[in-house]
Amino acid sequence: MRRREFLKTSAVAGAALTLNFQGLGAALANHTIAVESTPDMVAVMGGEPEVMLDRALQELGGIERFVKKGQKIVIKPNIGWDRAPELAGNTNPKLVQALVKKCLDAGASKVIVFDHTCDEWRKCYVTSGIEEAVKAAGGVIVPGNDEKYYKEVALPKGVSLKSTQIHEALLEADAWINVPVLKNHGGAKLTCAMKNYMGIVWDRRYFHQNDLQQCIADVCTWDKKPVLNIVDAYRIMHQNGPQGKSAADVATLKSLIASPNIVAIDTAALGLFNQVKQLDMEAVGHIGKGEELKLGTTNLDQVNIKRIRI
(Lines give C-alpha, C1' and ligand atoms only; values in the text may rest on other atoms or scores of the structure.)
Protein backbone atom coordinates (compact mmCIF):
# COMPACT_ATOMS: atom_id res chain seq x y z
CA MET A 1 0.00 0.00 0.00
CA ARG A 2 1.30 3.46 -0.92
CA ARG A 3 1.81 5.99 1.83
CA ARG A 4 -0.86 8.32 0.40
CA GLU A 5 -3.40 5.49 0.39
CA PHE A 6 -2.49 4.50 3.93
CA LEU A 7 -2.93 8.04 5.24
CA LYS A 8 -6.27 8.31 3.50
CA THR A 9 -7.67 5.05 4.84
CA SER A 10 -6.27 5.54 8.35
CA ALA A 11 -8.22 8.79 8.59
CA VAL A 12 -11.31 6.73 9.43
CA ALA A 13 -11.06 8.08 12.97
CA GLY A 14 -11.06 11.69 11.81
CA ALA A 15 -14.24 12.49 13.67
CA ALA A 16 -13.05 10.48 16.62
CA LEU A 17 -9.95 12.62 16.99
CA THR A 18 -12.14 15.05 18.88
CA LEU A 19 -11.91 12.20 21.41
CA ASN A 20 -12.70 12.84 25.01
CA PHE A 21 -12.79 10.58 28.03
CA GLN A 22 -16.49 9.75 27.86
CA GLY A 23 -16.84 6.24 29.14
CA LEU A 24 -14.02 6.81 31.61
CA GLY A 25 -16.22 8.56 34.15
CA ALA A 26 -16.68 12.33 34.25
CA ALA A 27 -15.92 14.24 31.05
CA LEU A 28 -12.42 15.63 30.67
CA ALA A 29 -11.92 19.36 30.88
CA ASN A 30 -9.08 21.04 29.00
CA HIS A 31 -6.59 20.28 31.75
CA THR A 32 -5.69 17.50 34.16
CA ILE A 33 -8.33 16.81 36.80
CA ALA A 34 -6.66 17.01 40.19
CA VAL A 35 -7.00 14.17 42.67
CA GLU A 36 -5.72 14.17 46.23
CA SER A 37 -4.49 10.59 46.41
CA THR A 38 -2.69 8.23 44.06
CA PRO A 39 -5.28 7.35 41.41
CA ASP A 40 -6.52 3.83 40.72
CA MET A 41 -6.31 4.49 37.01
CA VAL A 42 -4.63 7.00 34.72
CA ALA A 43 -5.93 7.79 31.24
CA VAL A 44 -3.62 9.80 28.98
CA MET A 45 -4.35 11.19 25.54
CA GLY A 46 -2.46 13.09 22.88
CA GLY A 47 1.16 11.98 23.15
CA GLU A 48 3.58 9.47 21.75
CA PRO A 49 3.58 6.05 23.46
CA GLU A 50 6.72 6.61 25.54
CA VAL A 51 5.56 10.08 26.63
CA MET A 52 2.14 8.84 27.71
CA LEU A 53 3.72 5.90 29.55
CA ASP A 54 6.05 8.20 31.43
CA ARG A 55 3.19 10.45 32.51
CA ALA A 56 0.93 7.57 33.53
CA LEU A 57 3.62 5.92 35.65
CA GLN A 58 4.48 9.24 37.23
CA GLU A 59 0.88 9.72 38.34
CA LEU A 60 0.64 6.14 39.64
CA GLY A 61 3.65 6.61 41.91
CA GLY A 62 6.47 5.64 39.56
CA ILE A 63 7.60 2.35 38.08
CA GLU A 64 9.27 1.58 41.42
CA ARG A 65 5.83 1.02 42.88
CA PHE A 66 5.44 -2.02 40.63
CA VAL A 67 9.01 -3.18 39.97
CA LYS A 68 11.52 -3.77 42.79
CA LYS A 69 15.29 -4.00 42.58
CA GLY A 70 16.54 -7.47 41.73
CA GLN A 71 13.20 -8.75 40.47
CA LYS A 72 12.76 -10.82 37.32
CA ILE A 73 9.98 -9.13 35.35
CA VAL A 74 7.85 -10.41 32.48
CA ILE A 75 6.16 -7.99 30.11
CA LYS A 76 3.30 -9.57 28.15
CA PRO A 77 2.31 -7.54 25.09
CA ASN A 78 0.21 -8.74 22.18
CA ILE A 79 2.58 -10.05 19.48
CA GLY A 80 0.13 -12.52 18.02
CA TRP A 81 0.10 -11.46 14.39
CA ASP A 82 2.52 -11.03 11.50
CA ARG A 83 1.53 -7.38 11.14
CA ALA A 84 3.44 -4.10 10.99
CA PRO A 85 2.83 -1.60 13.83
CA GLU A 86 0.71 0.66 11.61
CA LEU A 87 -1.98 -2.05 11.37
CA ALA A 88 -2.51 -2.19 15.17
CA GLY A 89 -2.57 -5.97 15.33
CA ASN A 90 0.04 -5.96 18.08
CA THR A 91 1.14 -3.74 20.95
CA ASN A 92 3.06 -0.66 19.86
CA PRO A 93 6.80 -1.48 19.90
CA LYS A 94 7.69 2.02 21.12
CA LEU A 95 5.57 1.40 24.23
CA VAL A 96 7.17 -2.00 24.85
CA GLN A 97 10.68 -0.61 24.43
CA ALA A 98 10.02 2.26 26.84
CA LEU A 99 8.53 -0.08 29.43
CA VAL A 100 11.43 -2.56 29.26
CA LYS A 101 13.87 0.29 29.79
CA LYS A 102 11.91 1.65 32.74
CA CYS A 103 11.86 -1.75 34.43
CA LEU A 104 15.61 -2.13 34.01
CA ASP A 105 16.22 1.42 35.21
CA ALA A 106 14.19 0.56 38.32
CA GLY A 107 16.65 -2.25 39.07
CA ALA A 108 14.99 -5.30 37.55
CA SER A 109 17.55 -8.09 37.21
CA LYS A 110 16.00 -9.27 33.96
CA VAL A 111 13.07 -8.30 31.76
CA ILE A 112 11.54 -11.03 29.59
CA VAL A 113 8.98 -10.48 26.83
CA PHE A 114 6.95 -13.19 25.07
CA ASP A 115 3.62 -14.13 23.54
CA HIS A 116 2.02 -17.36 22.36
CA THR A 117 1.49 -16.10 18.84
CA CYS A 118 -1.18 -17.08 16.34
CA ASP A 119 0.94 -16.55 13.22
CA GLU A 120 4.44 -18.03 12.99
CA TRP A 121 6.25 -16.68 16.03
CA ARG A 122 9.50 -15.58 14.39
CA LYS A 123 7.62 -13.53 11.79
CA CYS A 124 5.38 -12.00 14.46
CA TYR A 125 8.30 -10.98 16.64
CA VAL A 126 10.14 -9.37 13.72
CA THR A 127 7.30 -7.78 11.72
CA SER A 128 5.69 -6.28 14.84
CA GLY A 129 8.94 -4.47 15.62
CA ILE A 130 8.79 -5.81 19.16
CA GLU A 131 11.82 -8.11 19.02
CA GLU A 132 14.05 -5.26 17.89
CA ALA A 133 12.50 -2.91 20.46
CA VAL A 134 13.02 -5.34 23.35
CA LYS A 135 16.64 -6.02 22.45
CA ALA A 136 17.37 -2.31 21.98
CA ALA A 137 16.10 -1.64 25.51
CA GLY A 138 18.16 -4.44 27.05
CA GLY A 139 15.39 -6.98 27.51
CA VAL A 140 15.17 -10.63 26.50
CA ILE A 141 12.52 -11.98 24.13
CA VAL A 142 11.66 -15.68 24.33
CA PRO A 143 9.39 -17.94 22.26
CA GLY A 144 6.04 -19.35 23.30
CA ASN A 145 5.47 -21.70 20.39
CA ASP A 146 6.05 -25.09 22.07
CA GLU A 147 4.12 -26.95 24.77
CA LYS A 148 7.40 -27.66 26.56
CA TYR A 149 7.42 -24.05 27.77
CA TYR A 150 4.12 -24.45 29.63
CA LYS A 151 3.22 -25.98 32.98
CA GLU A 152 -0.13 -26.91 34.50
CA VAL A 153 -1.65 -24.57 37.09
CA ALA A 154 -4.91 -24.92 39.02
CA LEU A 155 -7.69 -22.34 38.74
CA PRO A 156 -9.92 -23.25 41.69
CA LYS A 157 -12.05 -20.10 41.30
CA GLY A 158 -12.75 -20.76 37.63
CA VAL A 159 -16.27 -21.65 36.48
CA SER A 160 -15.62 -23.34 33.13
CA LEU A 161 -11.82 -23.44 33.26
CA LYS A 162 -10.45 -25.24 36.30
CA SER A 163 -6.82 -25.56 35.17
CA THR A 164 -4.59 -24.55 32.28
CA GLN A 165 -0.96 -24.58 31.16
CA ILE A 166 0.85 -21.27 31.63
CA HIS A 167 4.22 -20.23 30.19
CA GLU A 168 7.16 -20.96 32.48
CA ALA A 169 8.49 -17.40 32.14
CA LEU A 170 5.49 -16.17 34.10
CA LEU A 171 5.71 -18.96 36.64
CA GLU A 172 9.33 -18.08 37.34
CA ALA A 173 8.91 -14.29 37.32
CA ASP A 174 8.70 -12.16 40.43
CA ALA A 175 6.11 -9.90 38.79
CA TRP A 176 4.54 -9.29 35.40
CA ILE A 177 3.01 -6.41 33.49
CA ASN A 178 0.11 -6.92 31.07
CA VAL A 179 0.37 -4.67 27.97
CA PRO A 180 -2.43 -5.37 25.45
CA VAL A 181 -3.40 -3.42 22.39
CA LEU A 182 -7.06 -2.39 22.27
CA LYS A 183 -8.86 -3.90 19.28
CA ASN A 184 -11.89 -5.64 17.86
CA HIS A 185 -12.03 -9.43 18.09
CA GLY A 186 -14.28 -11.74 16.11
CA GLY A 187 -14.99 -14.17 18.98
CA ALA A 188 -14.51 -12.18 22.18
CA LYS A 189 -15.77 -8.98 20.47
CA LEU A 190 -13.07 -6.93 22.23
CA THR A 191 -9.53 -7.83 23.11
CA CYS A 192 -7.85 -5.90 25.87
CA ALA A 193 -6.28 -6.69 29.27
CA MET A 194 -8.36 -9.74 30.21
CA LYS A 195 -8.29 -11.23 26.71
CA ASN A 196 -4.50 -10.76 26.60
CA TYR A 197 -4.21 -13.65 29.08
CA MET A 198 -4.91 -16.01 26.19
CA GLY A 199 -1.35 -15.38 25.08
CA ILE A 200 0.07 -16.83 28.30
CA VAL A 201 -1.64 -20.25 27.98
CA TRP A 202 -0.95 -23.21 25.72
CA ASP A 203 -4.35 -24.71 24.86
CA ARG A 204 -6.53 -21.91 23.52
CA ARG A 205 -8.81 -24.35 21.72
CA TYR A 206 -10.44 -25.22 25.03
CA PHE A 207 -11.43 -21.57 25.47
CA HIS A 208 -13.14 -21.43 22.09
CA GLN A 209 -14.90 -24.77 22.62
CA ASN A 210 -16.11 -24.15 26.20
CA ASP A 211 -17.69 -20.67 26.59
CA LEU A 212 -14.96 -18.29 25.46
CA GLN A 213 -16.19 -15.35 27.53
CA GLN A 214 -16.31 -17.37 30.76
CA CYS A 215 -12.92 -18.97 30.14
CA ILE A 216 -11.32 -15.56 29.63
CA ALA A 217 -12.66 -14.45 33.00
CA ASP A 218 -11.64 -17.77 34.59
CA VAL A 219 -8.00 -17.61 33.53
CA CYS A 220 -7.79 -14.14 35.08
CA THR A 221 -8.48 -15.73 38.48
CA TRP A 222 -4.95 -17.18 38.45
CA ASP A 223 -3.44 -16.01 41.71
CA LYS A 224 -0.35 -14.46 40.07
CA LYS A 225 -2.00 -11.34 38.73
CA PRO A 226 -0.19 -8.60 36.81
CA VAL A 227 1.07 -5.80 39.03
CA LEU A 228 -0.08 -3.38 36.35
CA ASN A 229 -2.16 -3.37 33.16
CA ILE A 230 -1.25 -0.87 30.46
CA VAL A 231 -3.64 -0.57 27.51
CA ASP A 232 -2.06 0.58 24.25
CA ALA A 233 -4.66 2.65 22.40
CA TYR A 234 -2.26 4.70 20.30
CA ARG A 235 -3.78 2.92 17.33
CA ILE A 236 -6.79 0.65 17.68
CA MET A 237 -8.24 -1.91 15.30
CA HIS A 238 -11.94 -1.12 15.25
CA GLN A 239 -13.04 -3.85 12.80
CA ASN A 240 -11.88 -7.12 11.24
CA GLY A 241 -9.98 -8.07 14.39
CA PRO A 242 -7.97 -9.62 15.73
CA GLN A 243 -5.55 -9.49 12.79
CA GLY A 244 -7.15 -6.91 10.50
CA LYS A 245 -7.06 -6.57 6.74
CA SER A 246 -5.84 -3.07 5.96
CA ALA A 247 -5.29 0.44 7.29
CA ALA A 248 -9.04 1.02 6.88
CA ASP A 249 -9.47 -1.09 10.03
CA VAL A 250 -7.31 1.26 12.11
CA ALA A 251 -8.11 4.42 14.05
CA THR A 252 -5.34 6.53 15.57
CA LEU A 253 -6.41 7.62 19.06
CA LYS A 254 -3.04 8.42 20.68
CA SER A 255 -4.29 7.16 24.04
CA LEU A 256 -3.06 4.99 26.92
CA ILE A 257 -4.76 3.70 30.07
CA ALA A 258 -2.95 2.20 33.07
CA SER A 259 -4.36 0.53 36.18
CA PRO A 260 -3.85 -2.53 38.40
CA ASN A 261 -7.63 -3.12 38.22
CA ILE A 262 -8.12 -5.38 35.20
CA VAL A 263 -11.93 -5.24 35.06
CA ALA A 264 -12.02 -1.47 35.45
CA ILE A 265 -9.38 -0.92 32.79
CA ASP A 266 -11.22 -3.10 30.29
CA THR A 267 -14.43 -1.22 31.08
CA ALA A 268 -12.68 2.09 30.48
CA ALA A 269 -11.06 0.79 27.29
CA LEU A 270 -14.49 -0.29 26.01
CA GLY A 271 -15.70 3.27 26.59
CA LEU A 272 -12.79 4.56 24.53
CA PHE A 273 -13.40 1.99 21.79
CA ASN A 274 -17.06 3.04 21.65
CA GLN A 275 -16.08 6.51 20.49
CA VAL A 276 -15.03 4.91 17.21
CA LYS A 277 -17.47 1.99 16.94
CA GLN A 278 -20.30 1.05 19.29
CA LEU A 279 -20.03 -2.21 21.20
CA ASP A 280 -22.35 -3.14 24.07
CA MET A 281 -20.93 -4.29 27.40
CA GLU A 282 -23.15 -7.37 27.16
CA ALA A 283 -21.35 -8.41 23.98
CA VAL A 284 -18.02 -8.36 25.80
CA GLY A 285 -19.27 -10.84 28.37
CA HIS A 286 -15.92 -11.61 29.99
CA ILE A 287 -15.77 -8.14 31.57
CA GLY A 288 -18.98 -8.64 33.55
CA LYS A 289 -18.02 -12.23 34.34
CA GLY A 290 -14.73 -10.92 35.70
CA GLU A 291 -16.65 -8.62 38.02
CA GLU A 292 -18.77 -11.56 39.16
CA LEU A 293 -15.54 -13.36 40.03
CA LYS A 294 -14.50 -10.31 42.10
CA LEU A 295 -11.57 -9.42 39.83
CA GLY A 296 -12.54 -5.74 39.76
CA THR A 297 -15.39 -3.36 39.12
CA THR A 298 -17.23 -2.18 36.01
CA ASN A 299 -18.58 0.83 37.94
CA LEU A 300 -16.10 3.54 37.03
CA ASP A 301 -17.78 5.94 39.44
CA GLN A 302 -16.10 3.89 42.16
CA VAL A 303 -12.67 4.25 40.54
CA ASN A 304 -10.34 7.19 41.21
CA ILE A 305 -9.36 8.11 37.64
CA LYS A 306 -6.90 10.79 36.65
CA ARG A 307 -7.38 12.05 33.11
CA ILE A 308 -4.58 13.84 31.29
CA ARG A 309 -4.46 15.46 27.88
CA ILE A 310 -0.94 16.10 26.61
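- In this view, Lys195 satisfies the salt bridge (Lys or Arg N to Asp or Glu O under 4.0 Å) rule with no residue, not counting sequence neighbours.
- Remark: Phe273 pairs with no residue by the ring-ring contact (aromatic ring centres under 6.0 Å, His included) rule, at least two apart or across chains.
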Could you go through residues 213-220 and list every donor-acceptor pair under 3.5 Å that involves a side-chain atom there, pairing it with any protein atom two or more places apart or in another chain?
unit_1: Gln213; atom_1: OE1; unit_2: Gly285; atom_2: N; d: 3.4
unit_1: Gln213; atom_1: OE1; unit_2: His286; atom_2: N; d: 3.0
unit_1: Gln213; atom_1: OE1; unit_2: His286; atom_2: ND1; d: 2.6
unit_1: Gln213; atom_1: NE2; unit_2: Ala188; atom_2: O; d: 3.3
unit_1: Gln213; atom_1: NE2; unit_2: Ala283; atom_2: O; d: 3.2
unit_1: Gln214; atom_1: NE2; unit_2: Asp218; atom_2: OD1; d: 2.9
unit_1: Asp218; atom_1: OD1; unit_2: Val159; atom_2: N; d: 3.0
unit_1: Asp218; atom_1: OD2; unit_2: Val159; atom_2: N; d: 3.1
unit_1: Asp218; atom_1: OD2; unit_2: Ser160; atom_2: N; d: 2.6
unit_1: Asp218; atom_1: OD2; unit_2: Leu161; atom_2: N; d: 2.8

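- The hydrophobic cluster of Val181 has no other members, since no ILVMFWY side-chain heavy atom comes under 4.5 Å of it.
- Scored by the salt bridge (Lys or Arg N to Asp or Glu O under 4.0 Å) test, Glu131 finds Lys135 as partners (sequence neighbours excluded).
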Would you please test Lys68 and Glu64 for salt bridge (Lys or Arg N to Asp or Glu O under 4.0 Å) and show each step? CA-CA 6 Å; Lys68 310 303 180 187; Glu64 296 80 9; over 6 Å; no
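- For Tyr125, the ring-ring contact (aromatic ring centres under 6.0 Å, His included) test picks out Trp121, with sequence neighbours left out.
- In terms of the side-chain hydrogen bond (donor to acceptor under 3.5 Å, both in side chains) criterion, Asp174 has no residue partners (sequence neighbours excluded).
- For the ring pair (Phe, Tyr, Trp, His ring centres under 6.0 Å) condition, the pairs that include at least one residue of residues 88-116, sequence neighbours left out, are Phe114-His167, His116-Tyr150, His116-Trp202.
- Applying the ring-ring contact (aromatic ring centres under 6.0 Å, His included) rule to Trp176 yields the partners Tyr197; only residues at least two apart in sequence or on another chain are considered.
- Between the side chain of Ser109 and the backbone N or O of Gly70 there is at least one donor-acceptor pair closer than 3.5 Å.
- Scanning for salt bridge (Lys or Arg N to Asp or Glu O under 4.0 Å) contacts around Glu120 gives Arg122, with sequence neighbours left out.
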Under 3.5 Å, which donor-acceptor pairs do the side chains of residues 40-51 form with other protein atoms, sequence neighbours left out?
unit_1: Asp40; atom_1: OD2; unit_2: Asn304; atom_2: N; d: 2.8
unit_1: Glu48; atom_1: OE1; unit_2: Tyr234; atom_2: OH; d: 3.1
unit_1: Glu48; atom_1: OE2; unit_2: Tyr234; atom_2: OH; d: 2.8

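- For Lys102, the salt bridge (Lys or Arg N to Asp or Glu O under 4.0 Å) test picks out Asp54, with sequence neighbours left out.
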